[in-house]
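See structure below.
Letters A, B, ... are given to chains in the order of the sequence lines, protein chains preceding strands, and every chain is numbered from 1.
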Number of protein chains: 2
Amino acid sequence: MRVRLEDVARKAGVSPKTVSRVLNDEANVTDTTRERVRAAMEEMDYRPHPSARSLAGNRSFLVAMLYDNNDNPASTYLAEIQDGVLEACDAHRYSMMVRPLRMRDGDFIRRLDALISDHHPDGVVLTPPITDYAPLLKRLREANVPYASVSPVRQAKTLGVRMDEQQAARAIVEHLLALGHRRIAHVIGIANHGASRWRLAGYREAMAAAGLDEDPALVVQGAFTFASGVEAARHLFSLPDRPTAVFAANDDMATGVMWAAGEYGLKVPHDVSVCGFDDTPLSRQLWPALTTVQQPSREMGKIAAEQLLSELRGHGTGKLVQIPFSLQIRGSTAAAP
Amino acid sequence: MRVRLEDVARKAGVSPKTVSRVLNDEANVTDTTRERVRAAMEEMDYRPHPSARSLAGNRSFLVAMLYDNNDNPASTYLAEIQDGVLEACDAHRYSMMVRPLRMRDGDFIRRLDALISDHHPDGVVLTPPITDYAPLLKRLREANVPYASVSPVRQAKTLGVRMDEQQAARAIVEHLLALGHRRIAHVIGIANHGASRWRLAGYREAMAAAGLDEDPALVVQGAFTFASGVEAARHLFSLPDRPTAVFAANDDMATGVMWAAGEYGLKVPHDVSVCGFDDTPLSRQLWPALTTVQQPSREMGKIAAEQLLSELRGHGTGKLVQIPFSLQIRGSTAAAP
DNA sequence: GTGAAAGCGCTAACAA
DNA sequence: TTGTTAGCGCTTTCAC
């Protein structure tokens, strides 16, 4: 019925252990033997039994992707990362499982422990905002489970992938400045998220470089959600001297800003320019379409998983890869009125 | 280190086999013995090793969720289903893996076979549109892999969950009729998707019941994407006698219709009413917010997985569960001009 | 109702 | 460089 390693060994005229060596790319096999075994595997369409492998070898060939589905309004972001992680795992014949965890819940660590003792993942991929949740990282190190992160805040000794969000934010604000805007507002994301901090810092950097003093009334707190964008914008548009442009820390909030503009009878981009960050599918579907920063989430997930796998498989060592950003200039930004 | 079944047996003063019986809810254990074993498991925080279980027992305790990420523009839909499936699997201590497959690709079946022989899932959950892809179903039956579906077209002998989409579509068109609309257009989804057929049928049923003859010019083909909605609407709005309301077969297309309305200088809902189907997060973020049909995707994923699991675990038999729909009346629909 | 022995398919440790 | 032996943690089969 099922082709076993032993069957391949018999066919290739070697011992089971040698087949195992070939299967695991171990040393100490001559090239000719290796080839002979490979041919036999191919011919018999041999598929190693994952449970037998992990039981005997004490490794699971499993990568778990951890995320917080509470603090992530834009689930397309996670879906794209997941796609990328999956692609990388598939390519290396690892399997992947997904694990929602909520930082706000008291049983975060208990659930993490359950994951580890139930499934024994060889490593995990962390997504914002849990990339920097200290109790999590501590527990992973104690349990000796390697991890790679997408957009981690602390970057020393961390594997994964990042983008220079601060530079990207600065660039998009400079785009507004170049259009002649001077009263530029910013809607901040959830406090303590790395993304919020970087994007705010980029905004400040651009404004300062243009010689503009920060008007505290123009910097308002949001929470990455559409509703928080609406609320923030209502505040901004009620100001006696309202902004001519709003840079929201993500696309969902930018959408909320555009909604609020409608409520106040302001035309985008004629009366007010609006831009966001992320380049979610939504941003292209709005009218006018949203100027934003492209984040290649899928690619980032793939890279993070690859770094983890290269760490696990011992080929050299995983790194923290930095990828470039790109601005998507669309209809929601125009010259200052 | 790790607590094994044998350790539990020793503590409870029984044989390993008896612990195994308790673990698997088998018969032939007295209640007192069962209780004693349970207590020992609890006390030692025993976690069975999944690989050992599946190697010895020839089952994987694994459910795979299959989807086509090609034909699914709204990935939040899949993400929500996934969340529900995961919840159900967790509750029954099954693990879940996700598997993108593309009907358009030639290697669909090869990739399915790879999934089966690599991971041996005990069952799979199917999502639209692959719920009715004949070669897939055939292969699953041959390989003896049970499946449950979300919104399958063929419903005889199928496990899973469904909603009466035709009635829902009829209801939303009746809402437009009640507002005084008579020239109501419909934008169809991808041909052959069950969703497209049901929603079109509901539209026709409502129009016919209102005594209105179908105007073929008002029924146009789309493809579930934003862009296809724009294109369809441009055609409709160019008509000499344009519709006063448009029912698009999903929210993404409805968004495209709203975009096109802007291009033609038409105000929604003043000049034209627009409604969709699905109640994606997007639908609440538009301005005006979209009238649509709520589909509880997460719940549907959970129910489908539960039906599969109840089939797998032999507790009675899985069924095809029908769940109710609900209309979300928002700002994009109003009285006919 | 319960237990003893054998073995699932693979790899670790050691030997040759 | 290659093979042998033992065993991973559980379930099966079959005996009691």
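- For dC10(D), the OP1/OP2 oxygens have no side-chain nitrogen or oxygen of S20(B) closer than 4.0 Å.
- For T30(A), no side-chain nitrogen or oxygen approaches OP1 or OP2 of dT1(D) to under 4.0 Å.
- The side chain of Y46(B) places no N or O atom within less than 4.0 Å of a non-bridging phosphate oxygen (OP1 or OP2) of dG9(D).
- R53(B) has no side-chain polar atom (N or O) that falls below the 4.0 Å cut-off from OP1 or OP2 of dG9(D).
- In this structure, P16(A) and A27(B) both approach DNA chain C, and ranking their closest nucleotides by distance from the 5' end singles out A27(B).
- Taking atom NZ on K17(A) and atom C1' on dA12(C), their separation rounds to 7 Å, with Å as the unit.
- As rounded to whole Å, 5 Å separates atom P of dG1(C) from atom CG of N28(B).
- Here P48(B) lies in heavy-atom contact (under 4.0 Å) with sugar-phosphate atoms only.
- At a cut-off of 3.5 angstrom, counting only N and O atoms as typed in the model, there is a donor on one side and an acceptor on the other between the side-chain of R21(B) and the base of dG3(C).
- In the set dT1(D), dA4(C), dG3(D), dA4(C) carries the atom at the smallest distance from any side-chain atom of S15(B).
- In this structure, N24(B) atom CG and dG9(D) atom P are separated by 17 Å, rounded to whole Å.
- Under the 4.0 Å criterion applied to side-chain N and carboxylate O atoms, R47(A) and D45(A) are assigned as salt-bridge partners.
- Residue T32(A) is the one, among T32(A) and R4(B), whose nearest nucleotide of DNA chain D lies closer to the 5' end (criterion: closest heavy atom).
- Between the CG atom of D122(A) and the C1' atom of dT11(C) there is a distance of 14 Å, given to the nearest Å.
- The CG-P distance, from L55(B) to dC10(C), rounds to 9 Å in whole Å.
- To the nearest 0.5 Å, atom CD of residue E142(B) and atom CG of residue L137(B) are 11.0 Å apart.
- Using a 4.5 Å heavy-atom threshold, the side chains of E6(A) and V19(A) count as separate.
- In this structure, N58(A) reaches neither bases nor backbone, as no heavy-atom distance under 4.0 Å exists between it and the strands shown.
- Atom C1' of nucleotide dT11(D) and atom CG of L23(B) are separated by 10 Å, given to the nearest angstrom.
- T33(A) comes within contact range of the sugar-phosphate backbone alone, with a heavy-atom separation under 4.0 Å but no base atom that close.
- Separating the CG atom of D31(B) from the P atom of dT2(C) is a distance of 10 Å, rounded to the nearest angstrom.
- Counting heavy atoms from C-beta on, the side chains of S95(B) and H119(A) come closer than 4.5 Å.
- Here the C1' atom of nucleotide dC8(C) and the CG atom of D7(A) are 14 Å apart, to the nearest Å.
- Side chain of S297(A) to backbone of L78(A): no donor-acceptor contact under 3.5 angstrom is found.
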